[in-house]
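Just below is one structure, and these are the notes that go with it.
Source: prediction; values computed, not measured. The chains referred to below are lettered A, B, ... by the order of the sequence lines, with proteins before strands, and numbering in each begins at 1.
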Amino acid sequence: MKQKTLVLGVIGSDVHAVGNRILDYAFTHAGFKVINIGVLATQEEFINAAIETNADVLLVSSLYGHGEMDCRGLREKCQEKGIGDILMYVGGNLVVGKQDFESVKERFLAMGFNRVYPPGTMPEVPIKDLREDLGMSEE
Amino acid sequence: MKQKTLVLGVIGSDVHAVGNRILDYAFTHAGFKVINIGVLATQEEFINAAIETNADVLLVSSLYGHGEMDCRGLREKCQEKGIGDILMYVGGNLVVGKQDFESVKERFLAMGFNRVYPPGTMPEVPIKDLREDLGMSEE
Amino acid sequence: MELTVRQMDAEEFQRQRQEVLGQWETGKDVNFEEAVAYHKGLPKSKIFAEKLAEGKEKGITFAQPRAGVALITEHIELLRCLQDEGGADFLPTTIDSYTRQNRYTEAQSGIEESRTIGRSMLNGFPAVNHGVAACRQVAESVQVPVQVRHGTPDARLLAEITIAGGFTDFEGGGISYNIPYSKDVSIESTIKYWQYVDRLIGLYEEQGVKINREPFGPLTGTLVPPAISHAVAVIEGILAVAQGVRSLTLGYGQCGNLIQDVAALHTLPVLAEEYMEKLGYPKAMITTVFHQWMGGFPQDEAKAFGVISWGAATAALGKATKVIVKTPHEALGIPTKEANAAGIRATKQVLSMLKDQTLPMTEELALEEQMILAETRTILDRVLSLGEGDIAVGTVRAFQAGVIDVPFAPSRFNAGKILPARDTTGAVRMLDFGNLPFDETIKDFHRERIAQRGRDEGRDPSFQMVIDDIYAIGKGMLVGRPR
Amino acid sequence: MELTVRQMDAEEFQRQRQEVLGQWETGKDVNFEEAVAYHKGLPKSKIFAEKLAEGKEKGITFAQPRAGVALITEHIELLRCLQDEGGADFLPTTIDSYTRQNRYTEAQSGIEESRTIGRSMLNGFPAVNHGVAACRQVAESVQVPVQVRHGTPDARLLAEITIAGGFTDFEGGGISYNIPYSKDVSIESTIKYWQYVDRLIGLYEEQGVKINREPFGPLTGTLVPPAISHAVAVIEGILAVAQGVRSLTLGYGQCGNLIQDVAALHTLPVLAEEYMEKLGYPKAMITTVFHQWMGGFPQDEAKAFGVISWGAATAALGKATKVIVKTPHEALGIPTKEANAAGIRATKQVLSMLKDQTLPMTEELALEEQMILAETRTILDRVLSLGEGDIAVGTVRAFQAGVIDVPFAPSRFNAGKILPARDTTGAVRMLDFGNLPFDETIKDFHRERIAQRGRDEGRDPSFQMVIDDIYAIGKGMLVGRPR
């Protein structure tokens, strides 16, 4: 089975690098090809990297609370660039302040994300979801 | 001015002795004559001590949560013994569990106590109240 | 029966047993042989002594809350919450204050009123009134060992019922559950009551049933110098072992100064083992329990979490086998089960973070240990000489003479002459030695430390320092500095 | 302008100033002479350097939270809550992430959207957009000194506005606010940006206005070995002093092992003073700041209180001048003001209880101090030799060569070759030294400690240990043991 390609990055003006390193390691270790665009990544960088590498998924992290503003319009921009069907996952501390996660999740699903993860999610969770969403058999 | 006499004790099956020692010291230091009947004091012991010493006030402590049961009927017993008008103060952890102090206070006022103090009250507070209730001038 | 440390007569024990089991109607349900069989069916994970031995070997510090309410269903719900939401390693069943004074009729009214009113009118679980089957129901409802915690001078019936009821650990002792818990009960009589309890456990041990015993370390919980609580703990340990107890957890209440607290935890089992060997008793399994701050608590929950966490840190750095946990509601009386569980979680977080760390030996720690050892030995040796070798007899005479003297105790059998106060680093020292049999070296050590505080505060040491120390923690301080 | 540690030309400073004040429209409201006069009118109690000096002398540890929201009124309300409900000794104004990247247009949208929607859409206070008068309004609304905390590589305009705006302390530095906070900005350029900030403060100092500077100690906040953050702190201190800064708070982020953390707090000012003297700079007032645990936090609030309290205990035992406080909401993102105040209260409770206690010197502590001193000196000496005596030039070359290397940093100007991991007691050691210029004695010390952990866990040291360590605290552990 062909190796699946993920574009991994921390969106917006966010500089949280530790989790990015861990996710890079965990997804690579789980058999994915990881294109890591690092922190301070713009929507354009995500999309360009996805087009260049023919990626299957955008994995968007946001740890600093501005995720709602930074992620808006990402699905629409993907559609404009012809990759409208790409899987989009997002996770982290997505909003400012303590808010009910269910309402946060709904907002991000409405923006066109396929999966939304709360703070403290272990890498095993999105890895399992990726295998399911990409139709990969369990190893 | 005549020295006022207080009967001090910890009511019921309560053995908390530290605060009792402190109150004894503080009230004595403030110029009152303190008849300290100590811990594990029954209603009868309070009343007998008050009659014997012609006391002005009963100072009832309860730290263990059974205060509501232990204090019931004390005013009525005082009346039976002819000291129905004696001032009665109560303070401490009066009930089991975290309850709104205002409702606790109301219950104890309804039982005939003149003053009710929450946990953590410093001795200065009842001392000031005693001077007021006993019509003593400030030193 | 004359007071002696020696093992109770079988005949005397049986005579008392008839009487004790007749004190309340639930006593008739106690059947020793059936209870032994019941205990033998328990898995190791439910037996206190087994889990303590495991923790001692691995250097783990376990967390245990205090908790008890009037009715069985609510009590079980409470314990399950502490186990599941709090992660308690051991569970308690705290007994109500009427039962502690053997007032079973009043406890019964408390049960009935609690049923009517829909909330607990008792500050604990009235185990005697509920009886053997109810106790087993409690112990069977949880996955960890359960201990009886109380403060009962005469706990003979309570022990019969709760141990037959499947509890595997019993707190208390003839001194530690008398002096801080009663006013008019003689030490001689409570030592005898507790020899009964210890002999009962000895009988279980002889049948292969492990029941752990835990003398109550903190005594009055307020400025108790370590040498005094250590002396009491060692005496109660010896009294228990003499009756056949084989597994003991010795306790100590946090004073607040890290060095002193760690020194106290280190020296406690050393002293117990030393005196047991010296007096020729078989080696018991000795573990330690550290009580988080027993004095006044700040009312604010965040501040209370600070006090709780500092207690947890000290327990971990001193490698206590177990820590008794306070709750963020401490200042307000009996906590909700959620607050109780939160106290355990904060504690366990700190215990986990520090589990691989210890306080290394330093000059100060060595000095503190040396002082505690010297002071405790001085007291114990005088107790033994007063008793002409019999530690039970010696104890009664020692209290009479003020050779053992517990600060702030309600009992009239306690001299009440010593006056403790903190030194400038928060360690508990003695301002007045009363009749403690200390030599001048020890006294000079205390005097020098207290004088240093006086100089730092620009005042002469006095009872006002003691009062300031007692109120200090509620204001966020350890040492009560002048305002 | 060529990179050098020497004081900026007056001409060059004025040239840049024109440019900087023109970067956003609020720049025009900055008037240096008027700002000097404003600062001279402030009471001592509102001036960071004065209160820090007092704390240093008395051995007090102060508590300071982090906090900032988009709108002025709400920000003031937040700070007042932390002062009145939390008891904060110092207040912060945390700047939002758009401003940190100089994206003032996006910050403006954030302000407007926050107004519309009725909750802060920004993770901090956009001080540049709000301008000088608003900053003064903030500083005047509270009774304690206020500091600017951020993470801005080019903070020149932010410094101009906030210092003119009455703030008396400015966090950051050319390394500490670059390497952990940006991806593509060269160290040479951020050192220059921060020389401007330091020179600006030097100009205020020359006019008799005390502004404290605080290099950001914890860097990436994740398994940073003390020698690395110490080397950066000393370099930033020297760069600041060279521009005329006279009051410095050097920072260090809690690693979690008590001995290592106390050793780090003890050695930090020693190293700074040593190198400043060696290089011939005038003596600055140096204080220390300890950051409570900067890594992942447990989601449960009770457990978070445990982590917070342990940080407070370490700060107190190590006698830091100031501690930066986390909140019980840490794992969930930006806290409510109530949670933030609760974190301060828990911290202050522990600080008060421990204010008269220190960790006494032990063999282990002495060894730890000796290692941190030796490692930091090795790095700093190599930096100076790479820079041919110029520490600014040497720093750029040191990062190129991996002589300074910050773990988990996003910057492409950082080598990223070293790999830290905890040893078996939780102290941070090095698994891979990258190009750090350590001799074999130092390397053997680290190797031996890591190998010990490997033996304890029955596995070979690897990146999996590092991952386990990062996730450990969320699970209540310091050392990430294999499952």
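Looking at D:Y471, only its side chain comes within 4.5 Å of chain A, counting heavy atoms on both sides. Contact of D:R100 with chain A is not made at all, since no heavy-atom distance falls under 4.5 Å. For D:R412, no part lies under 4.5 angstrom from a heavy atom of chain A. For D:P298, no part lies near chain A; criterion is any non-hydrogen pair under 4.5 Å. Heavy atoms of D:I470 lying under 4.5 Å from chain A belong exclusively to its side chain. When heavy atoms are compared at a cutoff of 4.5 Å, D:L223 does not approach chain A at all. When heavy atoms are compared at a cutoff of 4.5 Å, D:T222 approaches chain A solely by way of its side chain, counted from C-beta outward. Heavy atoms of D:A339 lying under 4.5 Å from chain A are absent altogether.
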task = Could you give me the CA-CA distance, side-chain angles and deciding distance for D:H329 and D:F297, then say whether ring-ring contact (aromatic ring centres under 6.0 Å, His included) is met?
result = CA-CA 9 Å; D:H329 285 177; D:F297 249 70; over 10 Å; no
request  = Could you walk me through whether D:F463 and A:Y25 pass the ring-ring contact (aromatic ring centres under 6.0 Å, His included) test, one step at a time?
outcome  = CA-CA 9 Å; D:F463 191 65; A:Y25 180 86; 4.5 Å; yes
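Considering only heavy-atom pairs separated by less than 4.5 Å from chain A, the leading option among D:V69, D:L332, D:I334 is D:I334.
Listed by sequence position, A:E45 are the residues of residues 43-51 of chain A in contact with chain D, using a 4.5 angstrom heavy-atom cutoff. The contact list for residues 55-71 of chain A toward chain D, using heavy atoms and a distance under 4.5 Å, reads A:Y64, A:H66, A:E68, A:M69, A:D70 by residue number.
Remark: the D:Y177 side chain and the D:E171 side chain contain an N/O donor-acceptor pair separated by less than 3.5 Å. With hydrogens and angles left out, the side-chain atoms of D:T99 and D:D96 include a donor and acceptor closer than 3.5 Å. A:Y117 and A:D129 are linked by a side-chain donor-acceptor pair at a separation below 3.5 angstrom, with hydrogens and angles left out of the test. With no hydrogens or angles considered, no side-chain donor-acceptor pair links D:R149 and D:T93 at under 3.5 Å. Residues D:T327 and D:N340 have side chains that never bring a donor and an acceptor to within less than 3.5 angstrom of each other.
Salt bridge A:R72/D:E113: present, at least one basic N to carboxylate O contact under 4.0 Å. Using a 4.0 Å cut-off between a side-chain N of Lys or Arg and a carboxylate O of Asp or Glu, A:D133 and A:R115 qualify as a salt bridge.
A donor-acceptor distance shorter than 3.5 angstrom exists from the side chain of A:N114 to the backbone of A:M88, with no hydrogens or angles considered. A side-chain donor-acceptor contact under 3.5 Å links D:S411 to the backbone of D:F413. Between the D:D405 side chain and the D:G416 main chain, a donor and an acceptor come within less than 3.5 Å of each other. The backbone N or O of D:R66 sits nowhere less than 3.5 Å from a side-chain atom of D:T94 that would complete a donor-acceptor pair.
In this structure, the separation between CD on A:E80 and CD1 on A:I83 is 11.0 Å, given to the nearest 0.5 Å.
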